[in-house]
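Worksheet: the structure to be examined is printed underneath.
So that the names make sense, note that chain A is the first sequence line, chain B the second, and so on, each numbered from 1.
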2 protein chains.
Amino acid sequence: MISSTPRRITVWLIEDNASYRHSVLRAFDRMEGLRCTSSFPSFEDALPRLHDPTLPDVILLDVGLPGLDGISAIARIRALHPGAKILILTVFDAPQKIFAAICAGAAGYLLKTASIAEVAEAIRQAVDGGAPMTPRVAKLVLERFSSMAAHALRSPDYSLTDREREVLEFMVQGLIKKEIAARLHVSVHTVATHIRRVYEKLQVTTNTAAVSKALREGLVSSRP
Amino acid sequence: MISSTPRRITVWLIEDNASYRHSVLRAFDRMEGLRCTSSFPSFEDALPRLHDPTLPDVILLDVGLPGLDGISAIARIRALHPGAKILILTVFDAPQKIFAAICAGAAGYLLKTASIAEVAEAIRQAVDGGAPMTPRVAKLVLERFSSMAAHALRSPDYSLTDREREVLEFMVQGLIKKEIAARLHVSVHTVATHIRRVYEKLQVTTNTAAVSKALREGLVSSRP
DNA sequence: GTTTCGGTCGCACGATCGTGGGATGTCCCT
DNA sequence: AGGGACATCCCACGATCGTGCGACCGAAAC
C-alpha cells in the first residue's frame with residue numbers, strides 16, 4: 001500500500017543521539033518521497049525555527065532527550081504548528097510515557113526497535129491520517145483503553161429495586177426527600193422508606209455516602 | 001522483523017464471504033510459518049469446534065457476519081478459549097464497532113483494505129503479544145483514548161481553598177461533620193463554616209448536591 | 001392459600017444539618 | 001497602617017434526616 005503524495009513529505013528530526021540522527025538522515029536521503037529538511041539535537045534548538053514560514057509535515061521527536069521533557073515539547077509544537085504530525089521515536093516503552101505523549105497530541109508512537117524502513121512507512125501513514133504505533137505500544141494502549149471502558153461500565157449488583165434506583169437517582173441530583181416525593185407523587189414517608197432500603201443495601205448510613213457510592217460505582221448515570 | 005516461532009502458527013478463519021475466505025486460505029497455504037487449520041462461514045459453525053482438544057493460536061473473525069453479532073462472538077470465544085488471540089478482519093470502520101470489539105477483548109482490528117501479506121504480518125505480531133491495527137483504526141482509538149483521558153482530567157475551577165477541598169474530600173467519603181472535625185483536629189463549627197463556603201462556591205444547598213457535583217466534575221479524586 | 005416481595009403510608013424521637021448572626025487571629029499585599 | 005483572604009471558633013433556630021416500629025395492598029411465587 002504505497003501512498004502517492006504529490007510532493008515529497010518534509011520531515012524534521014529532533015534526536016539527541018548524533019549517530020542515530022545521522023543514520024536516519026542518510027537513509028531518508030536515499031528514499032523517494034521523503035525529505036528531512038532539518039534536524040536538531042534538542043527541542044530547544046528546534047524551538048526558534050518553529051516560527052519559520054516553511055514548516056514540515058511531520059516532526060520525528062525523541063522524548064528521552066535532555067532539557068525540556070518530551071511531553072511539554074509536544075504541547076509546545078502543537079501550539080505553534082498545529083498542522084504537523086508529531087511522531088514519537090524513542091527507546092522508552094513505559095506506559096506512563098506513552099499515554100502522556102498520546103494525550104499531549106502525538107500522532108503516533110514508535111520504539112527504536114523499529115527499522116528505518118518501518119519508520120519511513122510510519123511517516124507515510126501519519127501523513128495519510130493514520131496513527132502508526134509499534135505493536136507493543138498498540139497493545140498497551142488497547143489494554144488501557146479497554147480497562148478504562150470496562151471501569152466506566154462496570155456496575156456491581158446491590159439488587160436495588162426499580163423504585164429504589166429511581167429514588168437514588170434523584171438523591172444524586174441533589175434533591176431532598178420532600179422534592180423527591182413531589183416528583184414521584186408519593187408521600188415523604190414512602191421516599192424515606194425507599195431511602196432506608198437503599199442505605200441497607202449499599203451498607204451506608206448517610207445520604208452523602210450513598211450518593212458517593214452510587215456515583216463512584218456507576219449505579220446511576222453520571223450525566224446531569 | 002521476522003519472528004521465529006518453533007512451529008507454524010495455527011489459525012482459524014471465520015468469514016462469510018466464500019471467495020475472500022478461499023483466497024486467504026490459498027495465500028496462507030503458500031506461506032511459511034502459518035497454517036489455517038479450519039475455516040467457517042459463520043460463528044455458529046465454529047462454535048461446536050471450540051470444545052476440540054486442539055485449538056488455534058489465532059482466530060481471524062469477520063464481525064459483519066449474519067447470525068450472532070461479532071461482539072458477542074468475541075466474548076464467547078474468549079470464555080471457551082482464553083488463550084486464542086482474536087483478530088477482527090472486517091470492512092466496517094465505525095468507531096462504535098471498533099471500540100466494542102476492543103472492549104470485548106479482541107487482540108487487534110484490521111480492515112479488509114489490508115493486503116493478505118499485511119494480515120499475515122498482523123497475525124505474527126498478535127502471537128508476539130502485539131496489537132495489530134490498521135492505521136485508520138489506530139487513529140480512532142488514539143483519538144478516543146485521549147478524549148477519554150482529557151474528560152477524566154478536566155476540572156472546573158470553583159476556587160476552593162485547600163482546606164475547603166480537604167473538607168469536601170471527606171464529605172465525598174461519606175463522613176459527617178463530627179467525623180471530619182475529628183480527622184482535622186478542629187471543632188465541628190469550623191467544619192461547618194468550611195462546608196458553608198463550599199456550598200456557596202459550588203452553588204448548592206445540600207450535602208448531597210455538593211458530593212454529587214464534586215464527583216461528577218472531578219473536583220476530588222474518585223479513588224476510594 | 002399462604003408466603004414473599006415491592007411499593008405505599010404513618011408516627012415519633014433524637015441526631016444532624018443549613019444558615020443567620022458574630023468573633024479572633026494570622027498572613028500577605030501595597 | 002490598613003485591608004483582604006483564610007482559618008478558626010461560638011451560638012441558636014428551624015429544617016431535615018436516620019431509624020425505631022407498625023400497617024395495608026396487589027402481584028407473583030410456592
Side-chain angles (χ1 to χ4, degrees), chain A residues 154-222 224, chain B residues 154-222 224:
Chain A
R154 71 119 198 261
S155 203
D157 177 31
Y158 292 102
S159 58
L160 296 182
T161 67
D162 291 345
R163 207 51 157 171
E164 284 159 2
R165 202 182 328 277
E166 204 172 353
V167 169
L168 185 53
E169 300 231 26
F170 283 125
M171 290 176 65
V172 167
Q173 284 167 36
L175 303 191
I176 64 175
K177 289 179 183 176
K178 203 191 289 185
E179 295 167 332
I180 299 175
R183 302 275 181 114
L184 297 178
H185 306 294
V186 297
S187 87
V188 196
H189 306 292
T190 304
V191 175
T193 305
H194 289 313
I195 291 181
R196 188 183 314 201
R197 309 259 173 269
V198 170
Y199 287 178
E200 285 166 7
K201 290 178 181 176
L202 298 194
Q203 296 272 23
V204 299
T205 57
T206 65
N207 54 8
T208 322
V211 167
S212 170
K213 202 157 188 172
L215 276 172
R216 284 204 281 227
E217 307 195 0
L219 270 42
V220 299
S221 81
S222 281
Chain B
R154 69 120 201 258
S155 200
D157 177 30
Y158 291 102
S159 57
L160 296 181
T161 67
D162 291 346
R163 207 50 159 171
E164 285 159 2
R165 203 183 324 277
E166 203 172 353
V167 169
L168 184 53
E169 299 231 28
F170 283 124
M171 292 176 65
V172 167
Q173 285 167 34
L175 303 191
I176 63 174
K177 289 180 185 176
K178 202 191 291 184
E179 295 167 331
I180 299 175
R183 302 273 183 115
L184 297 179
H185 307 292
V186 296
S187 87
V188 197
H189 307 292
T190 305
V191 175
T193 305
H194 289 313
I195 291 181
R196 189 185 313 200
R197 308 262 172 267
V198 170
Y199 288 176
E200 285 166 6
K201 290 179 181 176
L202 298 194
Q203 295 274 20
V204 298
T205 58
T206 65
N207 54 9
T208 321
V211 167
S212 171
K213 202 156 188 172
L215 276 172
R216 285 204 281 227
E217 307 195 358
L219 270 43
V220 298
S221 81
S222 281

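Side-chain to base pairing of B/R196 with C/dG20: one donor and one acceptor N or O lie within less than 3.5 Å of each other. Judged by atom type and distance alone, A/T193 reaches the base of C/dC9 through a side-chain donor-acceptor pair under 3.5 Å.
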Please tabulate, one pair per line, each protein N/O and nucleotide N/O from nucleotides 14-16 of chain C that are separated by under 3.5 Å, including the distance.
| residue | atom | partner | partner atom | Å |
| --- | --- | --- | --- | --- |
| C/dT16 | OP1 | B/K178 | NZ | 3.4 |
| C/dT16 | OP2 | B/K178 | NZ | 2.8 |

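In this structure, A/L175 atom CG and C/dG18 atom P are separated by 15 Å, rounded to whole Å. When rounded to the nearest whole Å, the span between CD1 of A/I180 and P of C/dT8 equals 13 Å. B/R197 has its CZ atom 12 Å from the P atom of D/dA5, to the nearest Å. Distance B/F170 CZ to C/dC17 P: 15 Å, rounded to the nearest Å. Going from atom NE2 of A/H185 over to atom P of C/dC9 covers 12 Å, rounded to whole Å. Nucleotide D/dA7 holds its P atom 13 Å from the CD atom of B/E200, rounded to whole Å. As a whole-Å value, the separation of B/R163 CZ from C/dC27 P is 15 Å. Per the geometry, CG belonging to A/D162 stands 16 Å off P belonging to C/dC5, to the nearest Å.
Among the heavy atoms of the strands lying under 4.0 Å from B/S187 are primed sugar atoms or P, OP1, OP2 only; no base atom is included. Among the heavy atoms of the strands lying under 4.0 Å from A/T161 are primed sugar atoms or P, OP1, OP2 only; no base atom is included.
Partner B/M171 forms a side chain to side chain contact (heavy atoms under 4.5 Å, CB included) with one of B/T208, B/V191, B/I180 and no other, that one being B/I180.
Side-chain nitrogen and oxygen atoms of B/H189 include none within less than 4.0 Å of the OP1 or OP2 phosphate oxygen of D/dT8. Between C/dG18 and B/Y199, a contact under 4.0 Å exists linking OP1 or OP2 to a side-chain N or O.
Taking CG of A/L202 as the reference point, atom CD1 of A/I195 lies at 11.5 Å (rounded to 0.5 Å). Note: B/R183 CZ to B/Q173 CD = 6.5 Å, rounded to the nearest 0.5 Å. Remark: B/F170 CZ to B/E179 CD distance equals 10.5 Å, nearest 0.5 Å.
With C/dG18, D/dT8, C/dG7 as the choices, the nucleotide that has an atom nearest any side-chain atom of B/T190 turns out to be D/dT8. Each of D/dC9, C/dC17, D/dG18 was ranked by its minimum atom distance to the side chain of B/N207; first place goes to C/dC17. Considering only the side chain of A/V186, C/dT8 comes nearest among D/dC17, C/dT8, D/dA7. Which of C/dT19, D/dT8, C/dG7 sits closest to the side chain of B/T205 comes down to C/dT19.
A donor-acceptor pair under 3.5 Å links the side-chain atoms of B/E164 to the main chain of B/T161, judged by distance alone. A distance-only check finds no donor-acceptor pair linking the side chain of B/Y199 to the backbone of B/A209 [under 3.5 Å].
Of the N and O atoms on the side chains of A/T193 and A/R197, not one donor lies less than 3.5 Å from an acceptor on the other residue. In the model, A/S212 has a side-chain atom that pairs as donor or acceptor with a side-chain atom of A/R216 under 3.5 Å.
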